[in-house]
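Remarks on the structure that follows.
Order of the sequence lines fixes the chain letters, A, B, ..., with proteins taken first and strands second; residue numbering starts at 1 for each chain.
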Amino acid sequence: MLPKGPYNPQEEEPKILIFWLDNKFYKPEYDPDKDKVVSFEEMLKDKRPTFCIINPPPNAYGRPHLGNVSGYAYQDLLLRYYRMKGYKVYGQPGKDHAGIQGEIVVLREYFRPQGKFKANMTRDEFYRETYEYFMKIKEQAKKDEQRIGLSSDFDRDVFTLDPEIVDIVLDTFIKLYRDGYVYKGVRIVNWCPSCQTALADIDTEPKERSTDFVYIKYPLIPEDANIFELKLPYADLDSLQKNKKLNIDLSLLGNQKNKIKINDFVILEASEPEYHKMRLPSLVANIKEDKVELKPLDSSFWQAKYPLLIGTSSKFKQGLFKSQLEDLGLKIITVDKPLEIREGETSLIENAKAKALAYSKAYPNALVIANDGGAEIPYLGKKWNKVLTKRLVGGDKASYKERAQALLELMKDVPKDKRTVYWEGAYAVALNGEILFAKSYKEEPGIITTKLHPGIEKSTGDWLGYIWYYPQLEKYSFELTDSDKVKLNWAIIQFKKDLLAFLFEKGIINYVTVATTRPETMLGDTAVVVNPDDIRYQALIGRKVLLPLVWRPIPIITDPIVDKNLGTGALKLTPAHAYEDYQIMLNWNKNTKKDPDAQIDYINVIDKQAKIVGPTGKYFGLSTTEAKEQVVKDLQALKLVSKIETKKQFVQVCERCKTVIEPQMSSQWFIDVSQIKKPAIEVVEKGEIKIHPKNMTKVYLDWMYNLRDWPISRSLWWGYRFPVWYKGKVEEKIDENGKVITYIDGTPVKDFKEAEEKGLAKISKKSPGKGWIQSDYVFDTWFSSGQWPFATLMKFKLFDKFYPTQVMETGYDILKWWVSRMVMLGLYRTGKIPFEHVYLHGLIKSFDGQKMSKSKGNVVYPHELIEKYGADVLRLFYIVGNKAGANYQITHDKLEGNKRFLNKLWNASKFVLFNIEEVKDKLPQLKPQELKLSADDKKMVKEVDKIAERVKKYIESFKFGIIAVDLRQHFWEIFCDWYLEIVKPRLYTKDKNGNPIEYDKDDRLAAQWTLYYALQKYLKILHPYIPFITERIWQEMPKGKGDHRSLMFSRWE
RNA sequence: GGGCAGGUAGCUCAGCUGGUUAGAGCACUCGGUUUACAUCCGAGAGGUCACAGGUUCGAGUCCUGUCCUGCCCACCA
């Protein structure tokens, strides 16, 4: 009998848990038919179809949080469902060492109280102690998993750093290396100059500071100028600077000497004995027979020479933008009396053309932009606009009069409220008396809103365009066109989106101004980057600028990531010391693979002590702070600083010591994913792996399509150490060209392959012998956890039996990080998909509706809720009404409601059990057709069978949360409120006062059987949702065919 | 800036490939019951399905645009 009173989960749930654990129901070796644990071999031979879920391993050092536990509810629901369906079920639990996070936590919470730090420990000591500590502490996480009812095989609970797992993971690395998918390359890393270590992004934190934003002018090298580079004795350079003149021998130019002409550039480079380099740009002033006279350049050389702009708009006339233009060294010609060619038989576009031609005649060297506009035409909505277009035969070519006529006619047919008005205008651009292009535009319905036409922003794919002048807005903008039809040799300057001016290239733009918060890194600049759609710089793409101070020609390249509106829209590229610059370099080099000359490189100018190194001349050896001051000072002396602003900026600082991170180049290990990602994309595209919810498939595929080579090495102690050995000490140094060079035992090596060939390095799991030193790097956590599905199953020799697994259930937030890697590495290592379905659950919002976070103080721990409500209530909260990928909020109402449901189930069961007590044992053997079932009984049976069928359908399509609402309601309303109430009179054998009453025995038995049948069915379909209470009630229920002493193994049908 | 999701009752959310009168839980109002139910049952009220167009015999559902919210990614040179 069930105990009296309301259901008490704190009392009942632990008993059930012990019942399950003691009987080892969770083990795959448990055979329900024999009701015992059979041998491993016997289990392997079992013919039942398999169903396997690998439980995502939580961090070993902490207790699983509300999110982890939600996962277990879903995983366990599936495990239990398929177990009851007769599958051979296996759940693989595990605990994660959690890489960097694990290391931080153990240092803080375990070692620091003992006065131990990485500085006063050996690596082995640290690893051993941490391992032991984790082994101990991970038991708590395991208990939490069991408490929620997760029916996985806890005898096979495994740690990610388990030696056998490590072995399998390292084998994968070695296989990747042998197959040529692993390489060691130089890459930018977060370097903490104080801790002297590379840091993962997660170990850095943003800090706001205010800093100087320096605008530096990089002189543009004229297109037709040759550039020669010459190495000279230092003394010669010195004399050049002093005397402003130098004669050098033509023969120094070698076979290029015939090319040189006056006004060419010669960049002179001289080295001091101690490695400092001095570079100075000079102009060829005079060529004698065997000598060249060189003149050093000063900044005045780059000044602009002549104006070339004419605008016809009122803004020019008013002298607006004057200062900006003059800042560029331009003079502006304004036209006092603009031509008025209007009306008559001329169309807008003809007007514009006529204007442009007239002006260009007057100013033969000017590029003329002429506009004409102001025609008002009605806007009629979509439908009417079509009519309008049709009636306006001739379109642009129609004259004003024709147009006005047609519009007036049309207006009559248009409903009044739709008669709004838009503007029409035209543009023409002329040069040397010739029209370059012309176009009319129609835009802005009605009273013009404050917005520009959306097409303007969208169509910035080309550089040629049309000016649009919005009279009512007093604004200019432009529209771009197909540029391959018209090729012009000029650029367009745009000020703050408002003014557009077309400028001749030659002699006008003679600087490219870049803005930077880190002027000292310009010493390592290798390019200037502009947005490919930025019309201002179109004519400059592919040209070169001369990097001041170090006087190195660097190219102007493009990348869409560059923000046109930030700073000057031109970005100085220092790939060695800015993460984003580094990415731009990679992209650029990838896109210009076929053209080796276009490739750009890095120059590392800051070393691990934050000192200036590399080819930096007089700045060599300065600290970054000193260098910054000096560089700005020197640039100002050259008049190459146009302005300095103060800017608020976020910098990354070291999480531990708060030192500003100094990004720089360092040698790291990579996986070349270009090949191995292909099958991982294919299996998802083909639907061999299905992702729930479906829309996450796109997220996965987008991520995979764009996946770049994966850096897998980390400078940590806690993790899988690389199976890489060096014969001697490994050092990294920056050479005089700013390149990172690795030295093994003093010998410089180009790359790892070379080191291996020279016998200085080896890939091996064990030490190759005395004197060999193992690499300091450990693997990125995702490299190991990406192998979790097959590594765990291989360890337990269950691979053949259970791989591929059926479901991977995890939070959608790690789809990209974890799921993608499991698919990729699983396919690579085993040739098979790791799982058939990916079910992604949503995140849980706290009681206040916000995302849980420690800083907000709204974190809810699952064990708190379990203590108060029990595991079943929490499981219902996770499941009921929720769907894949959707976030949901925890509320007390939901928890209370679930508690009430359990109580209802408990009481209804008590009622049923009490009323079937004396016929309990024979009920399962009775056949419905032999019973005197009433219409209500039959209806009840039908109803419960129906809901069971629906639940089955929904669970198998991963919609168990949605159907749970119906199931709960079904039990409550159909079984409790309806059937139980109407069946009562048929069950009573006594009246209110306890006196016996007459009753029909057969009818009563029919009712009793129906009660029994419905309840056992409900218990079964409810079991995957609320295993504890259903199992507890099951213990009191009579058992029939297909029933097991544990509800867990009783068959659904 | 790019991407994804969402906007439905007072609150938290369902509503699959378009199809009667748009649903559930909680909260609310009224009535009843206490031989399973520190309760439960019955009844009721409450919605321009964000907004504007469109497709259709028919739109919460499909298309276009707009607004708002949340999340993810990137970036702040």
Applying salt bridge (Lys or Arg N to Asp or Glu O under 4.0 Å), can you list everything that pairs with A/Glu662, at least two apart in sequence or on another chain? A/Arg518
Rounding to a whole Å, what distance do you find between A/Ile963:CD1 and B/G25:C1'? 16 Å
Have A/His577 and A/Tyr582 got a donor and an acceptor in their side chains that come within less than 3.5 Å? no
Residue matched to B/U64 through Watson-Crick or wobble contacts both under 3.5 angstrom: B/A52
Using the C1' atoms only, state how far B/G15 lies from B/C73, rounded to an integer number of Å. 31 Å
Classify the nucleic acid contact of A/Ala908 as base, sugar-phosphate or nothing, counting any heavy atom under 4.0 Å across all strands shown. base
Under 4.0 Å between any heavy atoms, over every strand shown, what does A/Leu980 touch: base, sugar-phosphate, or nothing? Just pick one. base
Starting from C1' on B/G25, measure out to CG on A/Asn898 and report it in whole angstrom. 10 Å
Who pairs with B/G18 - Watson-Crick or G-U, where each distance is under 3.5 Å: none
Base contacts versus sugar-phosphate-only contacts with protein, heavy atoms under 4.0 Å: please encode nucleotides 4-18 of chain B as B, S and - from 5' to 3'. SS------SSSS---
Across all strands, who's sitting opposite B/A45 as a Watson-Crick or G-U wobble pair, both distances under 3.5 Å? none
Give none if B/G25 has no partner; otherwise give the nucleotide forming a Watson-Crick or G-U wobble pair with it, both distances under 3.5 Å. B/C11
Tell me whether A/Tyr979 contacts the main-chain N or O of A/Leu1011 through its side chain, where contact means a donor paired with an acceptor under 3.5 Å. no
Looking at A/Lys910 and A/Glu1036, is there a salt bridge between them, counting it only when a charged N and a carboxylate O are closer than 4.0 Å? no
Roughly, in whole Å, what's the span from CG in A/Asn915 to P in B/A36? 8 Å
From the list B/C40, B/A38, B/G25, which nucleotide is the closest neighbour of the side chain of A/Pro6? B/A38
Rounded to whole angstrom, note down the C1' distance from B/C51 over to B/G46. 23 Å
Winner on side-chain proximity to A/Arg968, out of B/C26, B/G25, B/A77, is B/G25
Side chain of A/Asn903 only, please: which of B/C76, B/C40, B/C37 is the nearest? B/C37
A/Lys946/A/Glu943 salt bridge by N-O under 4.0 Å criterion: yes
Quickly work out the A/Asp966 CG to B/A24 P distance and round it to whole Å. 11 Å
What orientation do A/Tyr74 and A/His841 show, parallel under 30°, tilted 30 to 60°, or perpendicular over 60°? tilted
Whom does B/C37 pair with, Watson-Crick or G-U wobble, provided both distances fall under 3.5 Å? none
Contact class for A/Asn907 vs. all strands (heavy atom < 4.0 Å): base, sugar-phosphate, or nothing? base
Answer for the Watson-Crick or wobble partner of B/C71, both distances under 3.5 Å, is B/G3
Give me the distance, rounded to whole Å, that separates B/A52 from B/A43 when you measure between the C1' atoms they each carry. 40 Å
With a 3.5 Å cut-off and just heavy-atom distances, do the side chain of A/Glu973 and the base of B/A24 make a donor-acceptor pair? no
Assign each of A/Trp972 and A/Lys572 to its nearest nucleotide of RNA chain B by heavy atoms, then name whichever residue's nucleotide is nearer the 5' end. A/Trp972
Describe, in one word, how the ring planes of A/Trp817 and A/Trp782 are oriented to each other, choosing from parallel (under 30°), tilted (30 to 60°) and perpendicular (over 60°). parallel
5' priority, RNA chain B, between A/Gln969 and A/Ile584 [closest heavy atom]: A/Gln969
Return the pairing partner of B/G58 with a 3.5 Å limit on both distances, Watson-Crick or G-U wobble; otherwise return none. none
Could you state the atom-to-atom distance from CD of A/Glu981 to P of B/C37 in whole Å? 11 Å
List the steps and the verdict of side chain to side chain donor-acceptor pair (under 3.5 Å) for A/Asp525 and A/Thr574. CA-CA 4 Å; A/Asp525 279 6; A/Thr574 322; 2.6 Å; yes
For nucleotides B/U8 and B/U61, find the distance between their P atoms and express it as a whole number of Å. 14 Å
Rounded to the nearest angstrom, tell me the gap between atom CZ in A/Phe971 and atom C1' in B/A36. 10 Å
Using the C1' atom as the point on both nucleotides, what is the distance between B/U33 and B/C41, in whole Å? 7 Å
Short side-chain N/O contact to B/C26 OP1/OP2 from A/Arg900, under 4.0 Å: yes
Please check: side-chain N/O of A/Gln1008 versus main-chain N/O of A/Asn915, any donor-acceptor pairing under 3.5 Å? yes
For atom C1', what is the distance between B/G58 and B/U20, given to the nearest Å? 11 Å
Integer angstrom distance from the C1' of B/A59 to that of B/G53: 14 Å
For A/Tyr988 and B/U35, is the gap between ring centres under 5.5 Å while the planes differ by less than 30°? yes
Starting at NZ of A/Lys984 and ending at C1' of B/A36, how long is that distance when rounded to a whole Å? 7 Å
Between B/U34 atom C1' and A/Lys910 atom NZ, what is the distance in whole Å? 15 Å
Any donor-acceptor pair under 3.5 Å linking the side-chain atoms of A/Lys677 with those of A/Ser820? no
Whole-angstrom distance between B/C13 and B/C49, as gauged at atom C1': 14 Å
Out of B/C37, B/A77, B/C41, whichever nucleotide has its closest atom nearest the side chain of A/Phe213: B/A77
How would you label the contact of A/Glu896 with the nucleic acid (heavy atoms, under 4.0 Å): base, sugar-phosphate, or nothing? nothing
